[in-house]
Amino acid sequence: MKDQLKEIIKQSLMQLIKKDRLPKFDIPAIEIERTKDKAHGDFACNIAMMLARTVKMNPRQIATLLVENIVQADYIAEVEIAGPGFINFTLSAGTAQQVVRDILEQGPKFGLSKHGKGKSVQVEFVSANPTGPLHVGHGRGAAYGSVVSSLLMAVGFDVHREYYVNDAGRQMDILATSVWLRYLEACGEKLIFPSNGYKGGYVLSIAKSLKDKYGRALLKETSTVYDGIPKDEPKGGDKEEHVDALIGKAKDLLGPDAYKKVFDAGLNQILGGIRRDLADFGTEYDEWFSERSLMESGMVEKAIVELKEAEMLYQQDGAWWFKSTAFGDEKDRVVVRDNGQTTYFASDIAYHLNKLKRGFDKVIDIWGSDHHGYIPRVKASLSAMKQKVDKLEVLLVQFAVLYRGSEKVAMSTRSGQFVTLRELREEVGKDAARFFYVLRSADQHMDFDLELAKSQSNDNPVYYVQYAHARVCSVFRQLSERGLAWDQGVGEKNLEYLTEDHEQALLSMLARYPEVVSSAAAAYTPHSLAHYLMDLARDFHTYYNAHQFIVEEQALSQARLTLVVATRQVIANGLLILGVSAPEAM
RNA sequence: GCGCCUGUAGCUCAGUUGGAUAGAGUGUCAGUUUCCGAAACUGAAGGUCACAGGUUCGAUUCCUGUCAGGCGCACCA
């Protein structure tokens with residue numbers, strides 16, 4: 001509809017220039033927008049005001065000329081000039097009703113488009129280290145990433161959703177060592193747990209399963225384990241040195257095979273839990289990409305060689321540095337430490353290179369906002385390897401600050417103090433939790449009040465939308481109880497009976513849906529879809545309270561039932577994208 | 001100190017890429033069931049869009065500065 005109006009304006013402008021009523025100029029992009037106020041018609045165009053400067057004429061004068069030259073079309077009921085020079089279009093009644101037929105015909109496909117047809121996008125999100133279960137902080141990224149993915153699918157992209165598993169590196173060694181020490185305790189050894197170890201209860205249960213499986217086969221005496229280990233921080237030492245020494249000792253005493261058993265027990269149990277939590281949260285993945293596989297297949301080494309050949313690395317203080325400053329980063333970054341170990345950044349370079357080489361047209365990373373300083377160096381590495389950096393887009397999700405009532409909740413994986421995503425879901429439900437997360441724009445700091453989400457879950461806006469859906473279903477249950485039926489054909493033929501203000505409002509709200517989906521996809525803003533659904537639900541509830549759908553007059557009744565079915569369809573389509581269920585009864 | 005994000009109603013937040021009289025939920029107050037589900041609806045009150053300049057027909061939106069909050073500035077991940 002917008003495109004048709006644009007064309008009409010453009011034609012009118014060209015006519016005017018041809019007739020010398022306006023001086024010659026390049027026709028700018030014409031903007032048509034939906035009006036906020038019904039008094040301004042359905043669509044408005046601000047072209048007259050935009051042209052005022054170039055044409056050196058009063059905007060209202062330009063608008064008058066334009067309107068006089070507009071070709072009449074049957075779908076336009078009225079064209080008006082208003083305010084400083086807006087051109088307002090009012091659509092004819094029949095045009096607004098057409099959307100109902102479109103919705104019924106297209107069903108679940110209504111609102112989908114083909115803008116991204118033939119293009120592939122990879123979306124990587126959450127990717128939390130498998131050193132502990134997902135907590136409510138990860139929930140926001142999970143909800144945001146999965147809805148962004150769904151939106152991109154809705155506009156036709158071929159979407160590949162991926163979780164990058166950091167199953168290598170020092171943090172995982174700390175986890176493995178933590179598990180082993182807890183195992184020793186479970187076998188009856190007495191020891192002082194390192195202050196930098198993972199202290200969560202889940203480590204205890206992994207240790208217990210290790211003992212169930214291997215008995216005392218992995219046992220070493222505490223005195224042997226702690227022999228020669230530097231002091232921990234509380235005793236005046238350095239906590240990092242302390243834990244690193246314990247890792248080294250664990251590897252030495254156990255040997256590679258046994259150490260791997262401990263390591264894998266931690267990794268597999270935690271990762272398994274993460275996969276379950278995400279699946280239960282309605283977040284699906286197409287691939288779980290292992291960092292270890294990246295190292296074992298030599299891809300990290302290859303990326304480093306590539307950078308060396310491009311003369312983008314240099315050696316200093318025993319380490320290899322990447323010249324990221326050459327591409328605008330604040331400082332150069334280490335890729336190989338003086339002890340010969342590659343850094344996390346080295347893996348990430350290889351991973352991003354791998355992503356681009358897989359041939360995606362676009363690669364989207366969704367990160368927590370605390371990683372924003374990381375963007376320049378990753379982009380720098382891709383530039384250094386002559387990749388198309390523009391293909392990579394990094395979306396940042398701001399933190400959700402957790403509150404319990406008015407009290408802030410401190411969270412840390414290391415200390416084991418956190419509310420898990422699973423606990424949240426079990427208490428407030430998948431639908432409410434997802435909707436809550438996705439209601440706020442991602443670049444907004446968010447206050448997540450657990451008390452509110454838990455205790456007042458009935459006030460959660462998700463129920464408002466779901467209730468609208470259930471209410472339509474209820475109307476149809478009532479209909480059949482009365483021995484009546486919906487006749488789609490009769491309804492579609494009599495849509496002109498929908499003349500009430502509430503019906504007009506609902507019709508134009510329904511017509512907006514496809515635009516909402518495509519703009520939410522283009523701007524990566526799931527929250528705008530959530531807000532739209534609340535607006536649509538409101539229009540429906542208002543209508544419901546003002547008018548009866550099941551009435552004596554058949555033509556009117558069927559027309560209203562048809563409108564209401566269309567509304568239900570759009571709500572269901574929108575909720576599906578959000579990953580929220582659309583219940584028939586609540 | 002430098003960089004990124006943010007500042008809109010008592011509280012939590014939208015604001016269609018620069019448009020017309022800045023909106024919703026919640027909270028407060030006052031109402032609505034002989035009627036398809038009251039998890040709903042109607043009305044009222046509530047604002048110096050942090051502050052000060054600038055750009056232009058027009059600024060909550062863009063630019064600059066100030067103030068305030070969050071995050072980041074590792075041979076950690």
Side-chain angles (χ1 to χ4, degrees), chain A residues 31 33-37 39-40 44 46 48-50 52-53 58-59 82-86 88 128-129 131 166 168-172 174 240 291 316-321 330-331 333-339 341-345 347-348 368-376 396 398-399 401 406 439-449 452 456-464 466-468 470-479 481-482 512 515-516 519 522-523 527-528 530-532 534-535 537-538 540-551 557 560-561 564 585-586:
Chain A
E31 294 299 330
E33 58 181 13
R34 284 186 183 273
T35 55
K36 288 184 232 175
D37 190 338
H40 300 135
N46 63 354
M49 278 120 77
M50 292 184 66
R53 170 156 274 248
N58 179 317
F86 287 101
N88 293 336
N129 284 352
T131 52
N166 291 115
R170 181 165 170 268
Q171 293 304 320
M172 287 304 295
I174 295 177
E240 306 291 348
E291 180 186 4
Q316 186 183 308
D317 303 329
W320 283 93
W321 297 72
E330 290 172 1
K331 54 173 289 191
R333 311 288 175 177
V334 171
V335 288
V336 185
R337 280 182 262 168
D338 56 5
N339 64 8
Q341 291 231 310
T342 56
T343 60
Y344 170 86
F345 178 45
S347 295
D348 233 18
S369 63
D370 56 334
H371 284 69
H372 69 80
Y374 213 75
I375 300 171
L396 297 176
Q398 295 292 323
F399 276 25
V401 182
S406 57
L439 202 53
R440 308 295 178 221
S441 81
D443 54 13
Q444 184 77 34
H445 304 269
M446 175 176 149
D447 286 350
F448 197 120
D449 186 341
L452 193 78
Q456 300 188 2
S457 60
N458 275 1
D459 290 339
N460 192 300
V462 72
Y463 296 106
Y464 187 77
Q466 289 181 318
Y467 182 47
R471 237 180 176 180
V472 176
C473 296
S474 173
V475 169
F476 281 82
R477 283 193 292 272
Q478 183 64 222
L479 191 69
E481 272 174 33
R482 295 189 196 177
R512 274 183 52 200
E515 294 165 24
V516 169
S519 75
H527 75 276
S528 52
H531 280 273
Y532 167 82
M534 289 181 62
D535 290 342
R538 176 168 29 256
F540 170 78
H541 286 308
T542 303
Y543 178 41
Y544 181 95
N545 273 59
H547 299 283
Q548 290 277 119
F549 307 153
I550 304 172
V551 292
S557 187
R560 285 181 172 173
L561 290 170
V564 151
M586 314 175 49

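Within every chain, numbering begins at 1; the chains are lettered A, B, ... in the order of the sequence lines, protein sequences first and strands thereafter. The structure displayed is predicted, hence computed values, not measured ones. Just so it is clear, the values below take in all heavy atoms, side chains as well, and ignore hydrogens, waters and symmetry mates.
- Here the P atom of nucleotide B/rC71 and the CD1 atom of A/I375 are 17 Å apart, to the nearest Å.
- Separating the P atom of B/rU64 from that of B/rU6 is a span of 14 Å, rounded to the nearest Å.
- Look at the C1' atom in both B/rC36 and B/rA50: the space between them is 49 Å, to the nearest Å.
- Counting any heavy atom pair closer than 4.0 Å across all strands shown, A/A52 reaches no nucleic acid atom.
- Contact annotation: A/H541 side-chain N/O to B/rA38 OP1/OP2 distance is not under 4.0 Å.
- Among the protein residues, A/D317 comes within range of the nucleic acid bases, having at least one heavy atom under 4.0 Å from a base atom.
- Nucleotides B/rC76 and B/rC62, compared at atom C1', are 39 Å apart to the nearest Å.
- In RNA chain B, the stems built from three or more successive Watson-Crick or G-U pairs (distances below 3.5 Å) are B:1-7 with B:67-73, B:10-13 with B:23-26, B:28-32 with B:40-44, B:50-54 with B:62-66.
- Expressed to the nearest 0.5 Å, how far CD of A/Q466 lies from CZ of A/R471 amounts to 14.5 Å.
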Every protein N/O lying under 3.5 Å from an N/O of nucleotides 2-6 of chain B:
unit_1	atom_1	unit_2	atom_2	d
B/rG3	N2	A/H372	NE2	2.4
B/rC5	O2'	A/Q398	NE2	3.2
B/rC5	O2'	A/D443	O	3.0
B/rC5	O2	A/H445	NE2	3.2

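- The C1' atoms of B/rC49 and B/rU61 are separated by 10 Å, rounded to the nearest whole Å.
- As a whole-Å value, the separation of A/Q548 CD from B/rG37 C1' is 12 Å.
- Taking side-chain N and O atoms only, A/R471 has a distance below 4.0 Å to OP1 or OP2 of B/rA38.
- Computed from coordinates, the A/H371 NE2 to B/rA74 P distance equals 14 Å when rounded to whole Å.
- With both ends at atom C1', the span from B/rU28 to B/rA45 equals 8 Å, rounded to whole Å.
- Rounding to whole angstrom units, CZ of residue A/F540 and P of B/rC36 are separated by 14 Å.
- Distances shorter than 4.0 Å separate some side-chain N or O of A/R337 from OP1 or OP2 on B/rC76.
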How would nucleotides 18-25 of chain B be written as a contact map, 5' to 3', with B for base contact, S for sugar-phosphate-only contact and - for no contact, using protein heavy atoms under 4.0 Å? -BB---SS
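- Nucleotides B/rA44 and B/rG69 are separated by 34 Å at their C1' atoms, to the nearest Å.
- Computed from coordinates, the A/R440 CZ to B/rU8 C1' distance equals 14 Å when rounded to whole Å.
- B/rC41 atom P lies 15 Å from atom NE2 of A/H547, rounded to whole Å.
- The NZ-P distance, from A/K331 to B/rG1, rounds to 21 Å in whole Å.
- Contact annotation for A/D370: backbone-only contact, meaning every heavy-atom pair under 4.0 Å involves sugar-phosphate atoms and none involves a base.
- For the C1' atoms, the distance from B/rG46 to B/rG25 is 14 Å, rounded to whole Å.
- Using a 4.0 Å heavy-atom cutoff across all strands shown, A/A585 reaches at least one base atom of the nucleic acid.
- Using a 4.0 Å cut-off, no side-chain N or O of A/S369 falls inside it from OP1 or OP2 of B/rC71.
- Between the CG atom of A/N339 and the C1' atom of B/rA74 there is a distance of 14 Å, given to the nearest Å.
- As judged by a 4.0 angstrom heavy-atom cut-off over every strand, A/M172 is placed among residues making no nucleic acid contact.
- Of all nucleotides listed (B/rA77, B/rC36, B/rG37), B/rG37 comes nearest to the side chain of A/R477.
- Taking atom C1' in both B/rG15 and B/rG72, the straight-line distance is 29 Å, to the nearest Å.
- One finds no side-chain N or O of A/T343 lying less than 4.0 angstrom from the OP1 or OP2 phosphate oxygen of B/rA74.
- Using a 4.0 Å heavy-atom criterion, one finds that A/Y374 contacts the bases of the nucleic acid, with or without backbone contacts as well.
- Here B/rC76 is the nucleotide among B/rC75, B/rC76, B/rC36 with the atom lying nearest to any side-chain atom of A/R170.
- The side chain of A/R482 lies closest to B/rC36, out of B/rC36, B/rC41, B/rA38.
- Residue A/S441 is classed as a sugar-phosphate contact, given heavy-atom separations below 4.0 Å to backbone atoms only.
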